[in-house]
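A short worksheet on the structure shown next.
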Amino acid sequence: MSLRIDELKSFIAVADEGGFSAAARRLGKAQSVISTHIAGMESELGFKLFERTPAPVMTDVAAELLPSARRVIAEADRFESRATALYRLPHPVLYMGVDMGLEIPLILDIVRNFARDFPDVRLQVENIASSETDWFFKKLDMKMALIFSSRAALDVDEYVLGHAPVCICVSKKHPLADLEHLTLDDLRRYRQIVVAVRDGDAPITSLSDDHWEVDSGVWAMGLVARGIGWTILPRSIVLSQPGVRTQCVLLEPPIELPPERLVLRCKRDEVPKAYVDWWFRSLKKAIDKSLKKV
């Protein structure tokens, strides 16, 4: 079976417009071309797509195939747009985001190696909060992001690089820092600084009714260091903020805290596989080594 893109477009146009003439006008083709496309598809498939009444009526099997045809055309248009964009670029461009809580020297070493292995690629790197990832992907056409995220994303390709242990962090001058045995009731008694991810419908998870919301671990650490509240963060974020870390203390949690996922997210079908594989291998190796120190 060898159906062509033009035939699928004619099939969709006839289904949408309700007639061969209207479909021809929509596609800017002669009606005979549309008729030939439909007849060719029917011959290839072995069944009718439309009953030839004064106004063509789509058959049941055609109605079942229509959504699949739309998906094929959407992907074909996406492929064509992407190929055109790549053709027009003097050099390939990779626009990626990096979670603000990640250790910058570690990322810089990887970027240096990327420049060595892909000298023709122009890299654009931006520090982002995990909550901003969807916005950057949709509004600014960011292609890849390295972030902490507790929730899986369904509309992008996602590669889990590791699971970072989390901790409770407070200022050394906070009342919680003086407690010998921390309890859940103790935590509920004081303000919590929550890193809120607003890229979905998930509710804000907090242990204290009195909580403030920020969009990054760096903000949470800054507020905690000033005694405004306590927070739950990946230990790697806490340890990567030396100026703030000296003012804080890590507490033994009274409950089990699941580790935070560190993931590499890529816009589906828009990042060359060679880039994805390279970043995944390099990041996995560096992060595995980094997490062992935490």
Side-chain angles (χ1 to χ4, degrees), residues 92-116 118 121-151 153 156-164 166-167 169 193-200 212-226 228 231-248 259-267 270-271 275-276 278-280 282-291 293-294:
V93 176
L94 178 59
Y95 179 24
M96 70 179 295
V98 177
D99 196 296
M100 287 188 286
L102 283 165
E103 188 179 353
I104 296 301
L106 179 146
I107 304 301
L108 289 175
D109 286 342
I110 296 176
V111 169
R112 176 196 59 201
N113 295 338
F114 184 79
R116 177 198 63 205
F118 296 91
V121 178
R122 183 163 64 87
L123 187 65
Q124 181 180 349
V125 182
E126 188 150 354
N127 269 145
I128 62 172
S130 62
S131 57
E132 299 174 321
T133 309
D134 277 1
W135 187 88
F136 274 95
F137 273 27
K138 293 173 183 175
K139 301 296 185 180
L140 296 185
D141 205 27
M142 182 175 280
K143 304 299 185 187
M144 179 186 290
L146 175 62
I147 58 170
F148 289 101
S149 176
S150 58
R151 296 186 298 111
V156 297
D157 291 326
E158 186 172 85
Y159 307 87
V160 179
L161 295 161
H163 293 79
V166 299
C167 63
C169 182
I193 309 298
V194 179
V195 180
V197 178
R198 296 203 176 279
D199 56 355
W212 288 10
E213 299 169 17
V214 296
D215 70 353
S216 76
V218 176
W219 262 93
M221 279 291 295
L223 294 177
V224 165
R226 288 160 177 79
I228 296 173
T231 192
I232 299 174
L233 284 176
R235 288 175 61 91
S236 54
I237 289 183
V238 177
L239 299 178
S240 69
Q241 306 295 316
V244 176
R245 185 183 65 202
T246 56
Q247 305 171 54
C248 299
E260 190 77 70
R261 298 160 68 251
L262 181 59
V263 298
L264 181 67
R265 286 184 181 168
C266 305
K267 290 185 80 170
E270 294 194 27
V271 182
Y275 301 175
V276 176
W278 188 96
W279 277 98
F280 178 78
S282 300
L283 288 166
K284 189 78 169 64
K285 180 178 179 181
I287 288 165
D288 283 347
K289 183 178 180 181
S290 177
L291 289 178
K293 299 177 182 178
V294 176

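These values consider heavy atoms only, across backbone and side chains, with no hydrogens, waters or symmetry-generated copies.
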Distance-minimising heavy-atom pair for Ala225 and Gln247:
O-OE1, 3.6 Å
Contacts of type side-chain hydrogen bond (donor to acceptor under 3.5 Å, both in side chains), residue Trp135, not counting sequence neighbours
none
Any residue meeting salt bridge (charged side-chain N to carboxylate O under 4.0 Å, His left out) with Arg116, in chain and number order, not counting sequence neighbours
none
I'd like to check Val276 versus Tyr159 (side-chain heavy atoms, cut-off strictly below 4.5 Å). Are they in contact?
yes
Could you tell me the separation between the CD atom of Glu158 and the OG atom of Ser149, rounded to the nearest 0.5 Å?
6.0 Å
Going by the rule salt bridge (charged side-chain N to carboxylate O under 4.0 Å, His left out), which residues pair with Lys138 if we only count those two or more places apart in sequence or in a different chain?
none
Could you work out, with side-chain hydrogen bond (donor to acceptor under 3.5 Å, both in side chains) as the rule, every residue matching Asp141, not counting sequence neighbours?
Lys143, Lys267
In short, Glu260 meets Pro234 closest at the heavy-atom pair CB-CG, 3.8 Å
Nearest 0.5 angstrom please: Arg265 CZ to Asp157 CG, how far?
11.5 Å
Specify the closest pair of heavy atoms between Cys248 and Met221, including all atoms of both residues, with the distance to one decimal.
SG-CE, 4.4 Å
Can you name the ring-ring contact (aromatic ring centres under 6.0 Å, His included) partners of Trp219, sequence neighbours left out?
none
Do side-chain atoms of Ser282 reach the backbone of Trp279 as a donor and acceptor pair under 3.5 angstrom?
no
Looking at SG of Cys167 and CG of Leu233, how far apart are the two atoms once the value is rounded to the nearest 0.5 Å?
6.5 Å
For Val263 and Ile147, what are the C-alpha separation, side-chain angles and deciding distance, and is it a side-chain contact (heavy atoms from CB on, under 4.5 Å)?
CA-CA 6 Å; Val263 298; Ile147 58 170; 3.8 Å; yes
Please give me the minimum heavy-atom distance between Thr133 and Ala145, naming the atom from each residue.
CG2-CB, 3.8 Å
Carefully, step by step, assess Phe148 and Val195 under the rule side-chain contact (heavy atoms from CB on, under 4.5 Å).
CA-CA 11 Å; Phe148 289 101; Val195 180; over 6 Å; no
Please lay out, stage by stage, how Ile110 and Trp278 fare under the test side-chain contact (heavy atoms from CB on, under 4.5 Å).
CA-CA 10 Å; Ile110 296 176; Trp278 188 96; 3.7 Å; yes
Can you tell me how far apart CZ (Phe118) and CG (Leu123) are? Round to the nearest 0.5 Å.
11.0 Å
Should Leu161 and Leu146 count as side-chain neighbours, where that means a heavy-atom distance under 4.5 Å?
yes
Only counting residues at least two apart or in another chain, list the ones meeting side chain to side chain contact (heavy atoms under 4.5 Å, CB included) with Val98.
Met96, Leu102, Ile107, Val125, Asn127
Contacts of Tyr95 that satisfy side-chain hydrogen bond (donor to acceptor under 3.5 Å, both in side chains) - sequence neighbours left out:
Glu126
Rounded distance [0.5 Å steps], CG in Asp99 versus CD in Glu132:
9.5 Å
First locate atom CG of Leu223, then atom SG of Cys169, and finally report the distance between them rounded to the nearest 0.5 Å.
11.5 Å
